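This structure is a prediction, so every number in the text was calculated from the model and none was measured. FYI, side chains are in, hydrogens and waters are out, and symmetry mates aren't considered; it's all heavy atoms of this structure.
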Amino acid sequence: MRFVKMYRQFGLLLVVFLWWGTATQAWAQCAPTPNSGACFRAIDVATKQDVGTNLCVGRQVRFVDCSGRALDPKQVYYAKGPAIVCAFTDTATFYTPTTAGVVVVTQNTQNPLLPGTGIVFSRTFQVLTSPEPAFDVNTCTVGLVQVTVTDQTYDQYFVQIGGGPAIAAVRNQTVSYPIPSGDREVTVTGQYNAATLCSNSSTKAFTPLPAPRRPTIQQLTIQGTSINFQFGALQPEYKYELQVAQASGYRTVAQVPSTSNTFTLANAPIPGCYRLLLTDVCPSGNTSITTQLLCTISLTATSVNGRNQLRWTSDGFNNSYEITRNGQSLALVSGSDTQYEDAAVTCGTTYTYRVTAAGFATSTSNEASVQASAGPAPPAPRLLASFNLTNQVELTATPAGNAAGGQVTYLRNAASTTELKTTSDRTLLDTEPTLAAPLCYTARYQDACGSTSTESPAVCPVILQAQAANPDVSAVNLTWSGFRGPDAAQPVSYRLLTLAADNSVLSTRSVQGTTTLDQQLPANQPIVRYRLEASSNGIISYSNIATVPRRIALAMPTAFTPNGDGLNDVLEVKGRFLTSFQFIVIDRNGQEVFRGTNPTQTWDGRVNGQPPVPGTYVWHFEALDPTGKPFVQNGTVNVLR
């Protein structure tokens, strides 16, 4: 088909065609055909509505002739394009747009006025897209859901919660909607004012918020310029702001993640009172709950006259304050207190303090460190003195308050004052005490800053002396010097201890005064050993060990009868404290006939296995007494039949 002339009138294009043979092979001559009566409409296939001049992407329409002429459908053509189309091959009347924009639909029909010619008639349509509308949904206050239409496509929008009514909405405006019981979805529908068929909907599910719980600040701790917070369990459905109080209200200093119950605020305002604000995640923030205020504690520490003085400030209302020193609990004071003095410190030592407030929550101050300074002279130390089991004096000095550091000077006051040693040790052993009464000791304490105490009160351990009361040492006289402890005014009681050679206690008895007589000596002890125990005000001190050696006693017969009658048949060594010795028997020719070294060895009178020879024999006895001195005795014995 060929066009020969085109004519436009009233927005309609009328083209006169010369038809040659069939319609598909006509040669067109373009000529004006005004008032031709050409007409067609676009009908929505699904609703049978006339869509006017607006088409929808993806929505099928049908073109219907409305000229009123009896046209052969086989000779009615429709062409689609960005402009008028003057070549026709398609008689299909159905059309589904695929792209938004402008489309020109051109109709070609027979011209009843001029047989053999055709009429070309066009209409311009606007094709509109209809995507799912974009929107945001947030569950905020309990029982409400917030919806914000962010879509920019449509002219109007409607929001529907579950199966509830559709409510008109405006883009970019956040609106809260009640949540009908059991509903968990939001549907937003978008449409055009002039093309209501070009609409679409989008649905999103949501989860209603749990009821908000009041947040809690459980602990606040200052670390340098930062503050460490510990909260009660946070709800991930809500958001949290850390706020500090100021004159005009509260200022948000940080957003706190709801995924953790700890948070560190760097470069924190100190001092300050803090609270945690719970809000919902919606822009309008319908929910708002805060914790109680928890305030910081600002601590300072200074040292004055050997005492560390602590002062702190806090705006909180607290039940009590716990003070720690070097990480250990030091004291618990009232919530109304704002200062504390630590007197139990050692000069030159650095101490680190914290103050923790206990109430509905705990607030821990900054660390405050201070070095204890020199103060007045320290008190004299408390000194104890006692003999050990080797007759050495053990001295124990305790500075006032059990202060650490410093040095102790130990002095012995016998005939004249002797400085034993200056040492940091709290104990000293006097290895060469003078066992002459009185034997007394004193001590001085010098703290780390060089301040020296006066001398302690003199302490005097007991000096014990023991002497035999008679030649055979069957009784012992004991005398001693009075005990003097650090508490001189307190009464003293004494116990006399009798010791074995290994220093185990054989017997004890209470004694009074400064002397006593012991008439109950142990039978088997060649050396009697004594020790005096003094007790005063809970203190026990021991004297030196005093000893009394006992004499060896030898009892030898003048004769024996080795005749086998069972009576006086052997010569045996008898006596007291005989343990090791030499006993020799010599005949008249000066020949040794017997030698014994302990009491179990006896002589039956025989010499070289021969029967006893009656006569007089000489014996010689040698031993060491308990003190190590030689004991020698000689005699004769007669051998009788």
Side-chain angles (χ1 to χ4, degrees), residues 10-13 37-85 88-109 119-135 147 149-171 177 180 183 185-205:
F10 305 115
L12 301 178
L13 179 65
C39 174
F40 72 89
R41 294 181 299 169
I43 304 300
D44 181 70
V45 172
T47 64
K48 306 300 188 291
Q49 296 182 27
D50 187 340
V51 299
T53 58
N54 294 295
L55 305 180
C56 307
V57 171
R59 193 174 184 92
Q60 189 180 48
V61 295
R62 181 185 178 193
F63 299 124
V64 178
D65 184 78
C66 56
S67 65
R69 298 191 298 270
L71 300 176
D72 182 359
K74 294 181 180 181
Q75 293 185 354
V76 177
Y77 298 84
Y78 293 95
K80 285 76 71 176
I84 297 173
V85 178
F88 302 90
T89 60
D90 188 3
T91 60
T93 59
F94 290 95
Y95 173 53
T96 302
T98 59
T99 305
V102 175
V103 64
V104 177
V105 180
T106 306
Q107 182 192 51
N108 183 8
T109 63
I119 299 174
V120 173
F121 175 69
S122 69
R123 293 184 63 187
T124 301
F125 294 89
Q126 184 72 36
V127 180
L128 302 175
T129 185
S130 54
E132 290 187 358
F135 67 97
V147 180
V149 177
T150 59
D151 191 79
Q152 302 295 320
T153 303
Y154 299 98
D155 300 327
Q156 56 184 343
Y157 299 91
F158 298 90
V159 174
Q160 185 178 18
I161 310 300
I167 302 172
V170 179
R171 68 166 59 98
Y177 300 89
D183 287 335
E185 290 183 341
V186 174
T187 299
V188 174
T189 301
Q191 65 184 33
Y192 299 95
N193 293 330
T196 57
L197 294 179
C198 296
S199 67
N200 205 346
S201 298
S202 178
T203 299
K204 292 183 179 181

* **Heavy-atom check, side chain of Q191 versus side chain of D155, under 4.5 Å** => no
* To do: Could you tell me the separation between the CG atom of D183 and the CD1 atom of I161, rounded to the nearest 0.5 Å?
  => 8.0 Å
* Is the centre of the Y78 ring less than 6.0 Å from the centre of the Y95 ring? -> no
* To do: Decide side-chain contact (heavy atoms from CB on, under 4.5 Å) for V149 and V170; before the verdict, give the C-alpha distance in whole Å, the side-chain angles of both, and the deciding distance to 0.1 Å.
  => CA-CA 7 Å; V149 177; V170 179; over 6 Å; no
* **Residues T53, T124; criterion side-chain contact (heavy atoms from CB on, under 4.5 Å); working and verdict** => CA-CA 7 Å; T53 58; T124 301; over 6 Å; no
* Looking at side-chain heavy atoms only, is the closest gap between Y154 and S130 below 4.5 Å? -> yes
* To do: Answer whether the closest heavy-atom distance between the side chains of F63 and R41 falls below 4.5 Å.
  => no
* To do: Let me see the working for S122 and T106 under side chain to side chain donor-acceptor pair (under 3.5 Å), right down to the final yes or no.
  => CA-CA 4 Å; S122 69; T106 306; 5.0 Å; no
* Does D65 reach the side chain of V76, with side-chain heavy atoms less than 4.5 Å apart? -> no
* Straight-line distance of R62 CZ to T96 OG1, nearest 0.5 Å -> 13.5 Å
* Structure fact -> Nearest heavy-atom approach of A42 to D50 is O-OD1, 3.3 Å
* Structure fact -> In this structure, CD of E132 is separated from OG1 of T203 (nearest 0.5 Å) by 8.0 Å
* Is the closest side-chain heavy-atom distance between P133 and S202 below 4.5 Å? -> yes
* Tell me, do V188 and F158 make a side-chain contact under 4.5 Å, heavy atoms counted? -> no
* Asked: Hey, does F94 have a side-chain heavy atom less than 4.5 Å from the side chain of Q60?
  -> yes
* So, D151 and Y157: side-chain donor and acceptor under 3.5 Å apart, yes or no? -> yes
* Is there a donor-acceptor contact under 3.5 Å from the side chain of Y177 to the main chain of Q160? -> no
* Hey, are D44 and R59 close enough for a salt bridge, meaning a charged N less than 4.0 Å from a carboxylate O? -> yes
* Which of parallel (below 30°), tilted (30 to 60°) and perpendicular (above 60°) describes F40 and F121? -> perpendicular
* Would you find a donor on one side and an acceptor on the other, under 3.5 Å apart, between the side chain of Q152 and the backbone of T150? -> yes
* Look up atom CD1 in I43 and atom OG1 in T93, then write down how far apart they are to the nearest 0.5 Å. => 11.0 Å
* **Gap between atom SG of C56 and atom CG of N200 - 0.5 Å precision** => 10.5 Å
* Kindly indicate, with the supporting measurements, whether the criterion side-chain contact (heavy atoms from CB on, under 4.5 Å) is fulfilled by V127 and T99. => CA-CA 7 Å; V127 180; T99 305; over 6 Å; no
* Asked: What heavy-atom pair brings Y192 and T129 nearest, and what distance separates the two atoms?
  -> OH-O, 2.6 Å
* Would you indicate whether the side-chain heavy atoms of K74 and T91 approach each other to under 4.5 Å? => no
* Assess whether side-chain contact (heavy atoms from CB on, under 4.5 Å) is satisfied between D90 and K80, documenting all intermediate values. => CA-CA 10 Å; D90 188 3; K80 285 76 71 176; 4.2 Å; yes
* List the atom of G52, the atom of F125, and the distance in Å for their closest heavy-atom pair. => O-CE2, 3.1 Å
* Structure fact -> The reported gap from CZ in R69 to SG in C39 (rounded to nearest 0.5 angstrom) is 9.0 Å
* **Criterion side chain to side chain contact (heavy atoms under 4.5 Å, CB included) against V159, the qualifying member of T187, T189, V186** => V186
